Amino acid sequence: DSSENGNHGEFMGNPKWVDGKIATALEFDGDDRVDCGDIEAIDGFTGLTVMAWCRWDGKVNGLTSAARVISKQDPNKGDKGPFSLGSGWRAHKLTLWINSGAWAGVHSITSIDDGRWHHVTGVYDGTEMRLYVNGRLRVSSVAQKGDIRYPPQAFFEIGAYHDDDEFYRLAGGIHEV
């Protein structure tokens with residue numbers, strides 16, 4: 001964390017520092033992630049904005065659909081975390097998942113697995129989910145409404161999403177989270 005907040009993460013696996021879109025980035029090979037622990041300072045909000053530069057290189061261990069850029073997830077309860085941004089269940093497309101009592105997702109029509117850098121942003125304001133790719137609104141949805149559900153413990157991760165029975169990793173690069 002280069003801010004004054006001190007939300008440093010621990011490398012899990014062997015992510016490498018490489019040249020990014022603007023500065024240095026982390027390169028993930030599909031077995032890596034950054035575990036930032038339970039950052040409680042981002043809990044309790046009705047809305048959120050999550051964004052990063054990412055470069056997705058496609059398949060990870062045969063999966064093409066569930067790589068994650070950023071997520072906050074309860075690792076013991078499956079599907080109980082507050083949010084996840086990545087490509088989820090719509091192969092090669094950016095997805096924002098929000099949990100306000102049940103998961104709902106909004107899926108972009110824009111492919112992001114072309115090996116190029118993309119600025120990806122997911123926004124939720126308590127009434128609408130929106131996805132932006134490279135600064136352009138790609139899709140919005142009112143399928144989710146209400147306060148975001150924050151469990152007592154949820155870990156913020158970069159480059160992955162995992163819970164008690166799922167582990168979705170990104171092969172590619174991420175920076176400016």
Side-chain angles (χ1 to χ4, degrees), residues 1 3 5-10 12 28 33-54 56 60 63-113 118-133 135-170 174 176-177:
D1 181 5
S3 76
N5 298 320
N7 296 316
H8 304 295
E10 179 181 353
M12 309 301 281
F28 298 85
R33 62 189 166 99
V34 178
D35 183 345
C36 300
D38 187 6
I39 303 174
E40 293 178 8
I42 64 174
D43 291 354
F45 293 97
T46 298
L48 64 79
T49 299
V50 289
M51 63 183 162
W53 281 98
C54 74
W56 185 34
V60 177
L63 283 174
T64 61
S65 62
R68 295 298 197 264
V69 178
I70 307 164
S71 66
K72 190 162 189 200
Q73 179 64 26
D74 181 340
N76 302 311
K77 302 274 198 250
D79 294 338
K80 301 294 183 201
F83 68 86
S84 186
L85 178 69
S87 63
W89 307 123
R90 301 268 170 110
H92 318 286
K93 312 293 188 212
L94 183 65
T95 299
L96 172 66
W97 293 99
I98 297 290
N99 184 351
S100 66
W103 281 105
V106 61
H107 312 279
S108 173
I109 59 170
T110 305
S111 293
I112 59 168
D113 70 337
H118 297 279
H119 190 262
V120 297
T121 305
V123 178
Y124 178 66
D125 64 9
T127 61
E128 182 180 26
M129 297 181 289
R130 294 182 300 280
L131 278 175
Y132 297 82
V133 178
R136 294 184 57 203
L137 178 65
R138 296 300 180 166
V139 67
S140 64
S141 171
V142 294
Q144 189 71 289
K145 289 185 177 15
D147 292 345
I148 299 170
R149 183 195 174 282
Y150 292 92
Q153 184 178 35
F155 295 100
F156 186 91
E157 293 184 309
I158 300 169
Y161 159 105
H162 85 277
D163 59 31
D164 59 346
D165 65 350
E166 300 171 306
F167 190 17
Y168 303 123
R169 302 160 304 275
L170 177 90
I174 300 174
E176 300 294 317
V177 173

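Remember, it's a predicted structure, so these values are computed and weren't measured experimentally.
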Task: Check against side-chain contact (heavy atoms from CB on, under 4.5 Å), L85 and V120 - done: CA-CA 9 Å; L85 178 69; V120 297; 4.1 Å; yes
What are the two closest heavy atoms between [X] and [Y], and how far apart are they?
X: H107; Y: T95; value: ND1-OG1, 3.0 Å
X: R130; Y: L137; value: CB-CD1, 3.8 Å
X: V139; Y: V106; value: CG1-CG2, 3.5 Å
X: A154; Y: D38; value: O-OD1, 2.8 Å
X: F28; Y: R33; value: CE2-CA, 3.7 Å
X: A52; Y: I174; value: CB-CG2, 4.2 Å

TODO: Would you mind reporting whether P82 and I148 have side-chain heavy atoms less than 4.5 Å apart?
DONE: yes
Measure the spacing between [atom1] of [X] and [atom2] of [Y] and express it to the nearest 0.5 Å.
X: E176; Y: C54; atom1: CD; atom2: SG; result: 13.0 Å
X: S141; Y: L96; atom1: OG; atom2: CG; result: 10.0 Å
X: D125; Y: S140; atom1: CG; atom2: OG; result: 10.0 Å

Task: Check ion pair R149-D147 (N to O, under 4.0 angstrom) - done: no
- [ ] Start with the C-alpha gap between F83 and L48, add the side-chain angles, then the distance that decides, and say whether side-chain contact (heavy atoms from CB on, under 4.5 Å) holds.
- [x] CA-CA 9 Å; F83 68 86; L48 64 79; 3.4 Å; yes
Task: Stepwise side-chain contact (heavy atoms from CB on, under 4.5 Å) test for V177 and I70 - done: CA-CA 8 Å; V177 173; I70 307 164; 3.8 Å; yes
Task: Y132 vs T49, side-chain contact (heavy atoms from CB on, under 4.5 Å): CA-CA, chis, key distance, verdict - done: CA-CA 11 Å; Y132 297 82; T49 299; over 6 Å; no
Open item on the list: Restricting to side chain to side chain contact (heavy atoms under 4.5 Å, CB included), what partner residues turn up for S100, sequence neighbours left out?
Closed with: Y124, Q144
Task: By side chain to side chain contact (heavy atoms under 4.5 Å, CB included) - contacts of S71 (at least two apart) - done: S84, E157, Y161
Task: Heavy atoms from other residues, nucleotides or ligands near CE of M12 exceed 12 (cutoff 6.0 Å) - done: yes
